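Chain letters run A, B, ... following the sequence lines, proteins first and then strands; every chain starts at 1. Computed from a predicted model, the values in this text were never measured in an experiment.
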Amino acid sequence: MAQPKRKPRTNAYDHGAIEAKWQRRWAQDELYQVADDDPRPKWYELVMYPYPSGDLHIGHWYNYAPYDTHVRFMRMRGYNVLAPMGFDSFGLPAENAAIQHGVHPYEWTMANIERMREQFKSIGPVFDWRREIVTSDPEYYRWNQWFFLQFLKNDLAYRAKAPVNWCPSCQTVLANEQVIAGRCERCETLVERRDLEQWFFRITRYADELLDFSGLIDWPEKIKTMQRNWVGRSEGVELVFDIAHYGLDEKEIRVFTTRPDTVHGVTFMVLAPEHPLVERLTASDRKAGVEAYVRQARQASEIERLSADREKSGVPIGAHCVNPFNGEEVPIFVADYVLMGYGTGAVMAVPAHDERDFGFARRLGLPVRVVVTPPDWDGGDLAEAYTGYGTMVNSGVLDGTPGDRAFDAVADYAEGQGIGKRVVSYRMRDWLISRQRYWGTPIPIVYCDECGVVPVPEDQLPVLLPQDAEFKPTGESPLASHQGFVHTDCPQCGGHARRETDTMDTFVDSSWYYLRFVSPHEKDAPFDPALAAAWCPVDQYTGGAEHAVMHLLYCRFFTKALRDLGIVAFDEPFLRLFNQGVILGEDHDKMSKSRGNVVNPDNVVKRLGSDAVRTFLMFIGPWDQGGSWSDGGVQGMSRWLNRVWAIGIRDPSALDGARQAVEELQRVTHKTIRRVTTDLERFQFNTNVSALMEFTNHLNRVWDARSVDAAAWRSAVKTLLALLAPTAPHLVEELWERAGYPYSVHQQPWPVWDDDLARDPEITLVIQVNGKLRDKLIVSADIAEEEAKELALKSERVLSQVAGKQVRRVVYVPGKLVNVVVG
RNA sequence: GCCGAGGUGGCGGAACGGCAGACGCGACGGACUUAAAAUCCGUUGGGAGCAAUCCCGUGUGGGUUCGAUUCCCACCCUCGGCACCA
């Protein structure tokens with residue numbers, strides 16, 4: 001007997017061939033190209049674009065596969081969906097690669113993009129690649145420069161001195177993330193604080209509006225909270241302490257406090273080491289000590305200074321100021337627990353009612369005076385600071401003011417006396433966009449010997465990055481040493497000028513990329529205003545929560561700024577936001593090379609297919625909670641897809657079934673449509689897959705029992721395919737074609753369920769005694785209350801439980817249960 | 001310290017205040033096979049019992065309720081974020 005080695009090829013699920021076939025076909029047919037004039041309602045669904053690191057790892061898949069499924073779902077539901085993709089291609093790794101391997105950042109980046117684009121395509125995504133943008137392309141970054149100039153004209157961009165992390169060995173500024181325990185991550189030199197001229201965007205002008213989330217439809221509460229904390233709005237009072245007795249130009253020290261009611265408890269004053277008055281007020285016999293302290297404080301990195309559990313340090317400067325409320329003289333200290341960057345850089349110290357001041361006072365033996373009554377206070381010394389509110393004492397005319405009126409009473413008093421005023425202070429500072437790096441957008445500014453700071457005229461944009469820069473590990477930007485780039489003519493007077501050699505933070509690129517996607521090849525403007533009006537804002541945005549306060553906040557700021565410049569007509573860039581979680585290794589640990597738990601998606605795709613990988617990633621668990629990879633799990637997913645395949649290719653023509661089973665199949669089908677639809681609407685991809693698995697299990701039972709006719713079978717399988725299409729697009733397209741349905745399944749309308757057809761004629765009535773399950777009865781769904789109770793009380797198991805006790809109550813929940821309460 | 005999210009079988013996870021553990025992984029048993037792989041079928045929270053059945057179980061302790069994984073209070077862990085912001 002002839003032994004066939006394997007089943008005929010046409011009947012096996014050959015994922016490799018099928019996926020290649022349909023990826024080719026979809027591209028050929030331009031299935032995913034989005035038309036701007038499509039009459040269907042628009043839906044702009046965006047996923048955060050990647051940095052082209054060179055390899056699409058499993059984390060990328062975890063971000064993009066569920067997104068792709070949701071986009072496909074929305075298309076089938078009848079939306080004209082804009083789903084674009086691009087590359088966030090400026091940034092440090094390219095430059096480091098240049099320094100380490102001698103390959104130009106441009107070459108490195110473009111090679112990575114090419115490779116990732118191909119890997120992307122193996123997911124089978126719906127991206128309209130004609131709209132791809134690459135932010136390191138001059139056609140893109142010229143508009144960064146253009147926006148910069150618009151901001152400059154409108155006082156939203158400015159230059160100022162700012163303290164930065166400076167590595168004296170590398171001769172460069174480091175980002176906060178590059179400073180580890182106060183040392184340069186590359187050469188381990190102690191990092192210094194240094195004041196440098198930097199460019200800023202005036203995001204603080206929008207602080208209050210950024211706190212208003214009312215224009216958003218659906219954002220995670222967590223992200224809003226993080227942004228709220230980041231902006232850090234606090235209402236307080238600015239008070240004035242007198243130093244006129246020193247005869248300086250400055251007559252006062254201004255302090256910001258949120259607790260003006262504690263002002264009579266001030267026993268000393270603290271200035272930040274960077275405070276300009278430190279130098280002027282320090283007594284001659286204190287000079288040496290104070291200077292040494294300030295020097296040491298400035299060397300400590302911000303990270304070091306901000307660690308709260310450090311012992312408070314500081315020194316007296318040998319001067320005093322006068323508390324305007326009670327005329328008391330209080331000594332002035334310099335201490336690094338006070339930050340120049342917040343409030344006024346000076347703090348009125350109230351040790352009795354502030355933990356930090358309390359710690360400092362303890363250490364230096366300074367007096368503590370209670371002015372707010374703690375509950376159950378015995379009038380004695382405090383063991384720790386009392387930071388709550390309470391009736392004011394030791395506060396002169398304000399004595400006796402109750403805690404709930406204290407703030408306003410003191411603020412009113414201060415304003416009436418002209419010694420203070422209500423102010424709002426923010427934690428957020430302006431956005432520092434200068435980077436001393438090559439691989440970024442050149443800031444379009446020249447410094448003219450005659451005219452000073454001159455913006456590059458718009459018609460001279462873009463200021464191009466020179467290709468022939470040299471990449472040496474000096475730490476200095478290749479732009480600064482590139483003579484051809486630096487030396488230029490002043491656009492105003494034609495005289496000699498030097499170009500700005502700093503480049504822009506890459507978050508500038510991502511602050512408006514969503515706008516570029518509507519018209520990525522627009523030549524005369526950053527985007528086509530009509531198309532932006534038609535497509536924007538983004539209806540649904542997905543991406544990692546790590547961008548909660550950087551990218552997302554910057555982007556909101558950018559949008560609001562552009563609105564005020566008349567460039568866009570809406571307030572928020574992203575109406576809905578969904579944050580996916582993080583994919584972990586099989587050992588439930590973060591994936592890392594050192595742990596050896598990194599999963600290479602290319603290998604798994606080759607072995608089991610893209611559909612198995614993407615479906616498994618969605619099945620792991622709730623998308624926003626992340627989850628762990630599992631080799632066994634993805635294998636199981638592959639098994640299920642093979643079962644779907646088997647169902648899809650069966651020939652049902654010989655079936656001839658019974659009416660009851662047909663109705664049941666229809667019921668299960670409509671229930672499944674309902675479950676899958678609501679799950680996909682809510683980004684619940686895991687239960688979406690479960691529902692489809694249960695559906696296929698039911699279909700297999702039906703098939704084994706031969707209980708339905710061919711038409712019923714075909715109709716149910718057709719629905720299965722449509723429902724599975726967004727999740728496993730290649731497999732379904734193939735089965736769809738083999739079943740003889742019109743191409744493409746991805747252009748079919750989404751199935752609609754009918755609640756009546758999904759309704760069970762019979763239900764399982766749960767019988768409880770005292771809330772514990774005792775029996776289950778199959779009854780008609782429209783059973784009357786009396787009948788249900790009667791059946792319950794007649795149940796043998798109920799009778800045995802009730803025996804010898806009294807029935808006190810019978811609770812009936814229609815369609816659900818009967819609970820017999822006995823006692 | 002503060003702010004989030006979370007704690008459910010061996011594992012990932014399901015469950016409008018109403019049958020806890022859907023679905024899957026793993027494990028065990030069986031079928032097919034010379035054998036294995038693959039595939040298919042069955043069992044699978046713990047305990048008692050020959051069995052019908054019963055008891056215990058959703059981090060811990062209370063509370064609300066006829067009924068709590070679900071709501072409230074307190075606490076303990078885990079993970080994320082922020083962290084001297086006056």
Side-chain angles (χ1 to χ4, degrees), chain A residues 6 220-226 228-230 232-234 236 255-259 262 270 272 303 305-310 312 335-339 341-350 353-357 359-360 387 425-429 545-546 548-549 581-582 584 586 588 590 616 619-622 624-637 639-640 642-643 646 684 686-697 700 704 764-776 796-797 800-801 808-813 815-823:
Chain A
R6 54 186 302 189
E221 213 44 57
K222 173 186 166 174
I223 302 293
K224 289 193 261 186
T225 304
M226 285 169 77
R228 224 173 266 128
N229 293 342
W230 185 264
R233 183 182 203 274
S234 59
V255 299
F256 173 77
T257 180
T258 55
R259 293 298 303 275
T262 65
V270 189
I303 291 160
R305 274 179 62 178
L306 291 185
S307 69
D309 33 77
R310 216 162 53 107
K312 303 273 172 288
D336 66 5
Y337 77 88
V338 174
L339 308 173
Y342 184 79
T344 62
V347 167
M348 62 176 217
V350 187
H353 305 296
D354 181 281
E355 284 164 24
R356 298 151 299 181
D357 298 341
F360 189 82
T387 58
S425 202
Y426 299 91
R427 201 191 80 106
M428 182 173 67
R429 329 228 175 124
E546 67 272 20
V549 290
V582 177
L584 305 173
E586 183 128 33
H588 312 308
K590 225 177 208 163
F616 173 66
F619 184 65
I620 286 177
D624 55 347
Q625 284 169 37
S628 307
W629 177 260
S630 158
D631 284 327
V634 73
Q635 189 75 48
M637 188 54 69
R639 276 201 288 271
W640 178 63
N642 272 287
R643 286 198 289 272
Q684 289 164 355
N686 56 330
T687 46
N688 153 58
V689 178
S690 298
L692 290 167
M693 285 175 167
E694 288 180 52
F695 191 32
T696 54
N697 290 346
N700 275 333
D704 291 343
T764 304
L765 189 68
V766 171
I767 314 296
Q768 298 180 334
V769 176
N770 286 346
K772 281 190 180 176
L773 174 75
R774 293 301 174 189
D775 205 356
K776 296 178 196 177
E796 265 180 49
R797 295 190 207 162
S800 69
Q801 291 291 327
R808 305 214 178 263
R809 192 177 156 189
V810 181
V811 179
Y812 175 65
V813 181
K816 285 264 161 70
L817 59 73
V818 176
N819 187 14
V820 181
V821 185
V822 300

Anything under 3.5 Å between a protein N or O and an N or O of nucleotides 26-28 of chain B, put it in a table, one pair a line.
unit_1, atom_1, unit_2, atom_2, d
B:G26, OP2, A:R639, NH2, 3.0

Problem set entry | Structure string for RNA chain B in dot-bracket form, Watson-Crick and G-U at under 3.5 Å, | interchain | (((((((..(((.....[....)))((((((.......))))))((((....))))..(((((..]....))))))))))))....

Exercise. Are A:V689 and A:M637 close enough that some pair of their side-chain heavy atoms sits under 4.5 Å apart?
Worked result: yes

Integer angstrom distance from the [atom1] of [N] to that of [M]:
N: B:A22; M: B:C72; atom1: C1'; answer: 29 Å
N: B:C75; M: B:A20; atom1: C1'; answer: 25 Å
N: B:A15; M: B:G6; atom1: P; answer: 13 Å
N: B:C23; M: B:A74; atom1: P; answer: 38 Å
N: B:G12; M: B:G17; atom1: C1'; answer: 27 Å
N: B:U53; M: B:C32; atom1: C1'; answer: 38 Å
N: B:G18; M: B:G67; atom1: P; answer: 15 Å

For [X], which residues count as a salt bridge (Lys or Arg N to Asp or Glu O under 4.0 Å) partner, sequence neighbours excluded?
X: A:R259; value: A:D261
X: A:K776; value: none
X: A:R808; value: none
X: A:E221; value: A:K224

Excluding sequence neighbours, so at least two apart, what forms side chain to side chain contact (heavy atoms under 4.5 Å, CB included) with [X]?
X: A:E586; value: A:W629, A:S630, A:D631
X: A:Q635; value: A:R607, A:L608, A:R639
X: A:N697; value: A:R701

Detail all sub-3.5 Å separations between protein N/O atoms and N/O atoms belonging to nucleotides 14-16 of chain B.
unit_1, atom_1, unit_2, atom_2, d
B:A14, OP1, A:N686, ND2, 3.0
B:C16, N4, A:K816, NZ, 2.1

Which protein N or O atoms sit under 3.5 Å from an N or O of nucleotides 68-71 of chain B?
none

Between N or O atoms, less than 3.5 Å apart, protein on one side and nucleotides 52-56 of chain B on the other: list the pairs.
unit_1, atom_1, unit_2, atom_2, d
B:U53, OP1, A:R797, NH2, 2.7
B:C55, OP1, A:R774, NH2, 3.1
B:C55, OP2, A:R774, NH1, 3.0
B:C56, OP2, A:K772, NZ, 3.0

From [atom1] of [X] over to [atom2] of [N], roughly how many Å is that when rounded to an integer?
X: A:N229; N: B:C82; atom1: CG; atom2: P; result: 10 Å
X: A:K224; N: B:A5; atom1: NZ; atom2: P; result: 13 Å
X: A:L692; N: B:G24; atom1: CG; atom2: P; result: 12 Å

Are OP1 or OP2 of [N] and a side-chain N or O of [X] less than 4.0 angstrom apart?
X: A:S690; N: B:G24; value: no
X: A:R427; N: B:C82; value: no
X: A:N700; N: B:C40; value: no

Seminar exercise, completed: Expected label for B:G9 (glycosidic angle, syn inside 90° of 0, else anti) would be syn

Exercise. Does A:Q768 make a side-chain donor-acceptor contact with the base of B:G18, cut-off 3.5 Å?
Worked result: yes

Problem set entry | NZ or CZ of A:K312 within 45° of A:Y337 ring axis and under 6.0 Å | yes

